[in-house]
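Everything on this sheet refers to the single structure shown next.
Hydrogens, waters and symmetry mates play no part in the numbers below; they use all other heavy atoms, side chains included.
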Amino acid sequence: MITINCMEASKGDAILISAAGKNILIDGGYKATFENSIKKELNKIIQNGELLDLVILSHFDADHVVGLTALIEDEKYSALIKEVWFNKCSELAEYVDHLYDSSWDLSFSQGVSFEKAVKKLKERNPELLIKSHVNNKTFAEPVTFSEALSLTILSPTPEKLEHLAQNSQDELRKLELEDYNLSGYDDDDLSEEFCNLWDNPDIPDKSPSNGSSIAIMLSYKSNKYLFLGDAHIETISDSLEEQGATETSPETIKFVKLSHHGSKFNISKKFLSLITEL
């Protein structure tokens with residue numbers, strides 16, 4: 001059996017996946033997410049005599065990383081972690097003082113703090129596995145966790161990571177435009193927005209941070225599940241096509257965590273044509 005727990009994370013992400021005796025945590029929302037939700041789930045893992053087999057930081061926006069930093073800094077709960085995946089941002093440290101603004105969700109300083117916390121965790125636990133250059137080329141083959149469970153990296157591409165690293169302060173401020181804010185919309189509004197996608201041209205997300213997001217396709221037994229972080233949807237579509245999906249023969253998917261909280265900038269007709277429900 002597989003369970004997918006999308007924990008309360010305000011406008012962020014924190015998803016715990018449990019299957020085949022393995023536990024995978026994708027993102028951690030904010031600090032309150034760790035204190036109020038993640039801890040409870042980790043206590044259950046402890047009671048079951050299990051471990052946190054993999055922690056994935058999709059990218060270093062505050063609504064994804066802050067709760068994970070709190071987890072990794074907590075000596076009790078971080079001892080459960082066997083492996084961590086993320087993309088290093090230390091090479092961007094020169095920009096931190098200029099780019100950081102407490103009102104932004106894009107925060108290089110949060111990424112640097114996470115990286116430092118992982119380094120200290122490695123000192124406490126030398127057996128910790130760390131993969132800090134994760135993209136769909138270096139991870140071209142599925143990563144197998146058990147006979148029934150494997151992960152395929154769909155995003156980012158090496159080019160998206162390079163683009164992030166090369167962006168200066170001015171370009172980042174220009175490209176990190178308004179997020180698609182779901183606050184203030186009721187269900188009818190959102191349904192109408194979703195349906196209107198078919199009548200309007202696709203609007204691509206230009207955020208370098210979102211473009212660096214780790215997105216995965218999880219395979220469990222005969223079913224597939226998409227966890228897209230905040231990834232650029234054209235990258236996901238290209239990766240699905242590389243996996244063999246076409247509009248006439250779409251990939252059968254049982255569950256989709258939409259990119260960027262369902263933003264209109266991170267969904268497209270092409271992507272929707274490449275997947276079908278189980």
Side-chain angles (χ1 to χ4, degrees), residues 4-17 24-39 41-42 52 54-74 77-78 81 83-90 92 96 99-118 121 130-132 134-135 151 153-156 160-161 164 172 176 179-183 205 207-216 218 226-233 235-236 256-263 265-266:
I4 300 170
N5 186 345
C6 298
M7 291 173 279
E8 173 60 45
S10 183
K11 62 178 180 177
D13 281 357
I15 303 171
L16 180 65
I17 306 158
I24 300 169
L25 178 63
I26 303 176
D27 292 331
Y30 295 98
K31 187 172 182 180
T33 310
F34 171 63
E35 296 293 340
N36 300 329
S37 299
I38 295 176
K39 277 186 179 181
E41 299 306 316
L42 294 180
L52 193 50
L54 176 62
V55 171
I56 300 174
L57 171 62
S58 64
H59 63 305
F60 50 85
D61 282 3
D63 56 334
H64 297 255
V65 66
V66 175
L68 285 190
T69 302
L71 163 60
I72 288 172
E73 290 176 341
D74 188 295
Y77 293 106
S78 64
I81 301 172
E83 188 168 354
V84 181
W85 292 3
F86 67 105
N87 281 307
K88 293 181 69 173
C89 64
S90 55
L92 299 169
V96 169
L99 289 175
Y100 179 66
D101 181 317
S102 61
S103 67
W104 289 17
D105 277 343
L106 174 64
S107 171
F108 287 117
S109 66
Q110 298 291 359
V112 173
S113 296
F114 176 82
E115 196 171 318
K116 290 178 179 178
V118 171
L121 177 57
I130 300 173
K131 293 183 172 63
S132 57
V134 181
N135 62 72
L151 305 181
I153 304 298
L154 302 179
S155 171
K160 293 290 186 182
L161 294 176
L164 177 65
L172 280 166
E176 191 68 15
D179 287 345
Y180 186 53
N181 189 350
L182 296 184
S183 61
D205 180 0
S207 161
S209 176
N210 289 347
S212 73
S213 187
I214 297 173
I216 65 169
L218 182 147
L226 296 181
F227 300 90
L228 302 184
D230 286 1
H232 286 174
I233 202 62
T235 301
I236 301 301
V256 180
K257 183 272 168 190
L258 290 173
S259 177
H260 204 197
H261 324 290
S263 165
F265 302 113
N266 298 77

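Annotation: the span from Ser155 atom OG to Ile214 atom CD1 amounts to 8.5 Å, rounded to 0.5 Å. Note that CG of Leu71 is 9.0 Å distant from OG1 of Thr69, once rounded to the nearest 0.5 Å. Atoms CD1 and CD1, from Ile216 and Ile153 in turn, are 6.5 Å apart once rounded to the nearest 0.5 Å. To the nearest 0.5 angstrom, His232 atom NE2 is 9.0 Å from His260 atom NE2. Rounding to the nearest 0.5 angstrom, the gap separating the CD1 atom in Ile38 from the CE atom in Met7 is 4.5 Å. Taking CD1 of Ile17 as the start and CG of Asn5 as the end, the distance is 10.0 Å to the nearest 0.5 Å.
Two residues are said to be in side-chain contact when any heavy atoms from C-beta on lie closer than 4.5 Å; Ile233 and Ile236 meet this criterion. The side-chain heavy atoms of Phe227 and Val256, taken from C-beta on, include no pair separated by under 4.5 Å. With a 4.5 Å cut-off on side-chain heavy atoms, His59 and Asn210 count as touching. At a threshold of 4.5 Å between non-hydrogen side-chain atoms, the residues Ile15 and Leu25 do not count as touching. Here the side chains of Asn266 and Leu258 are not in contact, with every heavy-atom distance at 4.5 Å or above. Looking only at side-chain heavy atoms (C-beta outward), Pro156 and Asn87 come within less than 4.5 Å of each other. At a threshold of 4.5 Å between non-hydrogen side-chain atoms, the residues Leu57 and Phe114 count as touching. Put simply, the side chain of Ile24 does not reach to within 4.5 Å of the side chain of Leu16, judged on heavy atoms.
Remark: side-chain polar atoms of Ser259 are paired, donor with acceptor, to backbone N or O of Ala231 under 3.5 angstrom. Counting only distance, with no hydrogens or angles, the side chain of Ser10 and the backbone of Gly12 share no donor-acceptor pair below 3.5 Å.
With sequence neighbours excluded, the residues that form a side chain to side chain contact (heavy atoms under 4.5 Å, CB included) with Ser58 are Asp27, His64, Ser213. Judged as a salt bridge (Lys or Arg N to Asp or Glu O under 4.0 Å), and not counting sequence neighbours, the contacts of Glu41 are Lys44. Ser132 meets the side chain to side chain contact (heavy atoms under 4.5 Å, CB included) test with Phe86, Lys88, Ile130; sequence neighbours excluded. Residues passing the salt bridge (Lys or Arg N to Asp or Glu O under 4.0 Å) test with Asp13, sequence neighbours excluded: Lys257. For Glu8, there are no salt bridge (Lys or Arg N to Asp or Glu O under 4.0 Å) partners two or more places apart in sequence or in a different chain. Under the rule for a salt bridge (Lys or Arg N to Asp or Glu O under 4.0 Å), Lys31 has no partner lying at least two apart in sequence or in another chain.
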**Asked** For Lys160 and Asn135, what are the C-alpha separation, side-chain angles and deciding distance, and is it a side-chain contact (heavy atoms from CB on, under 4.5 Å)?
**Response** CA-CA 9 Å; Lys160 293 290 186 182; Asn135 62 72; over 6 Å; no
**Request:** Please assess Val55 against Trp85 for the test side-chain contact (heavy atoms from CB on, under 4.5 Å), listing each intermediate value before the final yes or no.
**Result:** CA-CA 6 Å; Val55 171; Trp85 292 3; over 6 Å; no
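Nearest approach of Ile56 to Leu68, heavy atoms of both residues: O-CD1, 3.7 Å. Closest heavy-atom contact between Phe34 and Ala70: CD2-CB, 3.6 Å. Shortest non-hydrogen contact noted between Ser78 and Asp74 is OG-O, 2.6 Å. Residues Ala14 and Gly29 approach most closely at CB-N, 4.0 Å, considering heavy atoms. The heavy-atom pair separating Gly111 from Phe60 by the smallest distance is CA-CB, 3.6 Å. Here the closest non-hydrogen pair linking Thr235 and Leu154 is CG2-O, 3.7 Å.
Paired with Ser212 under the rule side chain to side chain contact (heavy atoms under 4.5 Å, CB included), one option of Leu161, Val134, Asp230 passes, and it is Leu161.
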